[in-house]
Amino acid sequence: MSSVRLNRYMSVSGAAARRKGEILIRDGRVTVNGAVVTDPAFSVSTGDAVMLDGKPLILEARRRYYVLNKPTGVIVSRGDTHGRATVFDLFAESMDGIFPVGRLDEDTSGVLLLTDDGDLAYRLTHPSYGVEKVYRAEVEGEVSAGDIRRTGEGIVLDDGPASPARMIVLSIGSGVSLVEIVLHEGRKRQVRRMMERLGHPVRVLERISFGGITAKHLPLGSFRPLTGEEIEHLHNESCMKRSRKRNDTP
Ligand code: URA
């Protein structure tokens, strides 16, 4: 870091996401080198001592964040008693302390985030934060307007009603439909169970975005570290409980 805005420093340190950080700064609770700073745009440089309510905020320079374009046929787990390949086999570097953010089924491909930032991982996966996950699914049969409506109302599953979700039909043809489904929660095999319930079993499932992070241009089985902007974006996406988010339509 050479220099960074104070509110960004706060979000990257994990102290508070950007909007909340701005409030804390304006409330005079943040000091830089002992002086209260109330301007969120104040420039913080390497070596500056930043404190919130008198407690030092350390930039978590060692935190690691990755996006993997998960192929099918590997499981999201540290190890497998049946000897199956896991996502960790795809990483050449040491992944000690790193864990997957949520799960993808063995037969699902696409965006899988991995990190050692437990706090962020919790907020990204807990349904109360309602972080958006977008799936593309090839399903059997022709998805109807009624299916879209039922998805938007919340399909009743064995473990209780799913939250209202948005489904967009991308194409329909000869007994198959291609749909995009936007979920704000992540229950076990949720997309497959929802589509099964609608009478459209999933044939192919890919997660194309998690909290706005995509695996565009990443070949299947490859990963890359997230950029600083992407990490900050994830902090902002998960900073507010869903009940308080505005424009919160399914
Ligand atoms: N929904 C599913 O059914 N499977 C996944 O892997 C993710 C979401």
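Atoms within each ligand, like the ligands themselves, are counted from 1 in listed order.
- Residues Val176 and Val139 fail the side-chain proximity criterion, which asks for heavy atoms closer than 4.5 Å.
- Protein residues with any heavy atom under 4.0 Å from ligand 1: Leu104, Asp105, Thr108, Tyr135, Arg189, Gln190, Val191, Arg192, Leu205.
- Salt bridge present: Asp159 and Arg187 bring a charged side-chain N and a carboxylate O closer than 4.0 Å.
- Using a cut-off of 4.0 Å between Lys/Arg side-chain N and Asp/Glu carboxylate O, Arg63 and Asp119 are scored as not salt-bridged.
- Taking the six-membered ring where the residue is Trp, Tyr122 and His126 present tilted rings, their angle falling between 30° and 60°.
- Between Asp39 and Arg26 there is no salt bridge, since none of the side-chain N atoms of the basic residue sits less than 4.0 Å from a carboxylate O of the acidic one.
- Applying the ring-ring contact (aromatic ring centres under 6.0 Å, His included) test to residues at least two apart or on different chains, the pairs with a partner in residues 85-113 are Tyr66-Phe91, Phe91-Phe223.
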